[in-house]
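What follows is a short report on a single structure.
Numbers here simply count residues along the sequence, with the first being 1. Side chains are part of it too, since the values below use all heavy atoms of this structure and drop only hydrogens, waters and symmetry mates.
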Amino acid sequence: MKQIKKLLTILSVLAIICVNMPIIHAEDDNTQKGEGDLLQQILDRGELIVGTSPDFPPMEFIDTTKTGQDQYVGCDIELAKYIADSLGVKLTIKAMDFDAVLASVTTKQIDLAITGITKTPAREDSMEMSDSYFDEEGESGWQGILIKEDKKDVYTSLDTLKGKKIAVQAGSLQDLYVSEQLPDAKKQYITQLNDAIELLNNGTVDAVATAYGTGQDFVKQKSGLYIGEELLFTLNKDYTGNRIGIPKGETALLYRVNDIIKDVKDKHLYEEWYQTALNYDKQKIEGNYLQRVAQIFSIYWPKFLTGLAATLGLALITVIGGTLLGTILALVKLSKNKFVKFLSSAYVEIIRGTPLLLQLWLFVTIFAMFGNDQMIVSVITALVINSSAYVAEIIRGGIMSVDKGQWEAAKSLGMSNQHMMVKIIFPQAFKTILPSLGNEFIMMVKETSLASTFYIGELMTANNVVKTATYFSLNN
């Protein structure tokens with residue numbers, strides 16, 4: 001009898017466990033369970049890395065009166081801070097172009113992409129998409145067309161913009177809406193909305209597709225622009241709602257982020273952040289063109305000076321590093337060993353034959369794979385390697401320009417190859433090489449502008465930051 005009671009007790013306990021297993025499992029699935037270990041990595045390192053494109057007010061933009069991480073402001077930035085605080089880690093914002101943010105989250109160079117991203121089939125294939133974090137039916141979800149104020153009697157509805165030229169950020173939600181609701185429009189793709197405003201002001205485009213709140217912000221800060229409810233797109237429920245991009249397969253992080261978003265929505269925090277960002281006190285530049293230029297330089301000259309110093313420093317480091325590596329490559333190309341000569345020639349031709357921006361992306365990705373997330377290191381490495389290929393040809397050409405009789409004379413005196421190069425060939429070749437190296441330095445000063453894609457602080461980045469802050473470009 002005792003054995004039967006023990007058996008019944010054991011069976012009862014097992015039955016209770018089996019009944020509750022689905023509940024326990026469901027609770028785990030809705031919290032921390034999921035694939036991927038990125039969430040645990042974030043908690044272990046104590047840092048959340050968020051990518052954003054800070055040219056999209058009121059969501060994310062730059063306050064030029066601040067520096068470092070504090071300069072990034074907007075309602076999306078407040079959301080990023082809230083997520084970091086909820087996870088108990090510090091927040092690191094990485095600024096870059098919009099398309100760079102999307103690429104960085106797919107390659108896991110950043111933990112989260114928070115930059116006004118909307119759900120599309122293509123993005124769902126390449127990354128995890130969080131729940132929407134604002135009221136999709138509210139003003140913060142509206143999308144529309146920004147035009148010049150003197151044209152508001154001409155463009156009175158979306159239909160009046162058929163066949164017109166519209167500036168749109170490549171890959172954005174507005175890109176989809178223009179394709180669907182204004183299929184006859186001619187799209188002018190841009191990477192930053194500030195560029196679109198320049199095109200609108202100089203008459204290159206007829207309108208700019210943008211979020212309604214962002215359009216309002218431009219109107220408030222820059223006279224002569226207009227956005228109204230009659231120029232709003234009809235919202236597609238499949239696209240509504242800004243979401244957070246998360247690396248593909250990181251569902252544990254996705255569940256945790258969705259829990260935090262639910263908390264934000266329950267407390268109506270995003271609406272508060274949105275209104276605060278919409279009313280943010282930005283520097284307003286007024287007057288005619290010369291007056292505005294004077295105001296820009298009187299206020300922002302330290303930022304331009306810092307950007308200029310960064311540009312010249314970057315170019316100098318690049319040319320010095322490129323010269324050292326290029327010299328080695330040039331000597332290898334002059335080698336009698338066919339194999340190493342072939343490798344050197346292949347290196348030079350591949351680097352010279354591919355776009356620098358592609359090389360920048362490649363090295364940023366490679367460095368991120370090995371745990372080095374310092375953009376500046378990746379950019380310098382890419383620039384040095386690019387410069388070395390050109391310098392190698394400059395030095396090789398300079399060496400080969402030395403009269404053949406000089407080589408023969410040195411050999412007849414019994415000089416070694418090393419001694420001959422140092423004492424005879426290089427001193428004569430230097431006169432030919434130096435002007436070309438000067439040209440290479442000038443070229444690298446120009447090429448550093450491509451590094452602004454990664455917001456590393458050079459002159460073009462400084463220009464973009466000032467444009468975002470003032471809605472005024474020196475090109476206007």
Side-chain angles (χ1 to χ4, degrees), residues 53 55-61 74-76 98 115-120 132-201 203-243 270-271 274-275 277-280 282 468 471:
S53 178
D55 63 336
F56 196 60
M59 277 62 177
E60 47 270 335
F61 54 101
C75 43
D76 278 0
F98 181 76
T115 183
I117 299 174
T118 52
K119 183 169 67 174
T120 66
S132 171
Y133 51 76
F134 66 74
D135 178 15
E136 294 86 345
E137 301 300 324
E139 182 182 303
S140 57
W142 295 353
Q143 308 292 328
I145 296 290
L146 181 70
I147 61 174
K148 294 182 105 174
E149 190 173 23
D150 58 9
K151 295 290 185 180
K152 67 180 182 180
D153 293 331
V154 178
Y155 304 129
T156 55
S157 67
L158 287 182
D159 287 340
T160 59
L161 286 160
K162 287 181 178 179
K164 299 300 180 182
K165 199 166 187 178
I166 300 177
V168 59
Q169 199 168 33
S172 65
L173 175 62
Q174 298 83 32
D175 190 3
L176 288 172
Y177 278 134
V178 170
S179 296
E180 290 182 351
Q181 300 180 33
L182 289 171
D184 296 330
K186 301 170 185 175
K187 288 191 283 188
Q188 173 69 53
Y189 285 113
I190 46 91
T191 56
Q192 295 188 357
L193 283 174
N194 291 305
D195 297 331
I197 299 303
E198 289 181 34
L199 295 176
L200 178 62
N201 282 325
T204 304
V205 298
D206 302 300
V208 176
T210 182
Y212 183 69
T214 304
Q216 282 185 310
D217 207 64
F218 278 116
V219 170
K220 183 175 69 173
Q221 299 298 324
K222 195 174 182 69
S223 61
L225 301 178
Y226 174 78
I227 187 169
E229 294 186 23
E230 70 276 12
L231 295 175
L232 294 180
F233 291 109
T234 301
L235 296 181
N236 185 327
K237 290 185 178 180
D238 293 334
Y239 303 147
T240 55
N242 283 2
R243 302 167 193 271
Y270 194 81
E271 287 80 358
Y274 180 83
Q275 290 301 323
L278 204 58
N279 297 320
Y280 200 88
K282 302 184 185 72
T468 301
Y471 302 90

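- Between the Asp206 side chain and the Lys165 main chain, a donor and an acceptor come within less than 3.5 Å of each other.
- Atom CD of residue Gln216 and atom CG of residue Leu225 lie 13.0 Å apart, to the nearest 0.5 angstrom.
- Inter-residue side-chain proximity for Val178 and Phe233 is flagged as met; some heavy-atom pair is nearer than 4.5 Å.
- With sequence neighbours excluded, the residues that form a side chain to side chain donor-acceptor pair (under 3.5 Å) with Asp175 are Lys187, Tyr189.
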*Test side-chain contact (heavy atoms from CB on, under 4.5 Å) applied to Lys151 and Tyr226, step by step*: CA-CA 9 Å; Lys151 295 290 185 180; Tyr226 174 78; over 6 Å; no
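- Checked by atom type and distance alone, the side chain of Gln181 pairs as donor or acceptor with a backbone atom of Thr234 at under 3.5 Å.
- Formation of a donor-acceptor pair under 3.5 Å by the Lys164 side chain with backbone atoms of Lys186 is not found in this model.
- Side chain of Thr156 to main chain of Asp153: no donor-acceptor pair is present (N/O by atom type, distance under 3.5 Å, no hydrogens or angles).
- Side-chain contact between Gln188 and Leu199: present, with at least one pair of heavy atoms (C-beta onward) separated by less than 4.5 Å.
- Note: Phe61 CZ to Thr214 OG1 = 10.0 Å, rounded to the nearest 0.5 Å.
- Summarising the geometry of Ala185 relative to Ile166, their closest heavy-atom pair is CB-CD1, 3.8 Å, with the distance given to 0.1 Å.
- Across all their heavy atoms, Leu146 and Gly215 have their closest contact at CD1-O, 4.0 Å.
- For the atom pair CG (Leu200) and NZ (Lys148), the distance works out to 6.0 Å, reported to the nearest 0.5 Å.
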*Go through the steps for Ser157 and Glu230 under the test side-chain contact (heavy atoms from CB on, under 4.5 Å), then give the verdict.*
CA-CA 5 Å; Ser157 67; Glu230 70 276 12; 5.6 Å; no
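- For the 3.5 Å distance criterion, the side chains of Tyr274 and Asp76 fail to qualify, holding no donor opposite an acceptor.
- Under the 4.5 Å side-chain criterion, counting only non-hydrogen atoms from C-beta, Tyr212 is not in contact with Gln143.
- Rounding to the nearest 0.5 angstrom, the gap separating the CG atom in Leu235 from the CG atom in Leu173 is 8.0 Å.
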*List the steps, then state whether side-chain contact (heavy atoms from CB on, under 4.5 Å) holds for Val208 with Ile147.*
CA-CA 7 Å; Val208 176; Ile147 61 174; over 6 Å; no
*Could you go through the side-chain contact (heavy atoms from CB on, under 4.5 Å) check for Met59 and Thr115 one step at a time?*
CA-CA 7 Å; Met59 277 62 177; Thr115 183; over 6 Å; no
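- Across every non-hydrogen atom of Cys75 and Ala277, the tightest pair is N-CB, 3.8 Å.
- Atom CD1 of residue Ile145 and atom CG of residue Leu232 lie 9.5 Å apart, to the nearest 0.5 angstrom.
- No donor-acceptor distance shorter than 3.5 angstrom exists from the side chain of Ser132 to the backbone of Arg243, with no hydrogens or angles considered.
- Taken from CD in Glu229 to CD1 in Ile227, the straight-line distance is 10.0 Å, to the nearest 0.5 Å.
- In this structure, Ala196 and Val205 approach most closely via the heavy-atom pair O-CG2, 4.3 Å.
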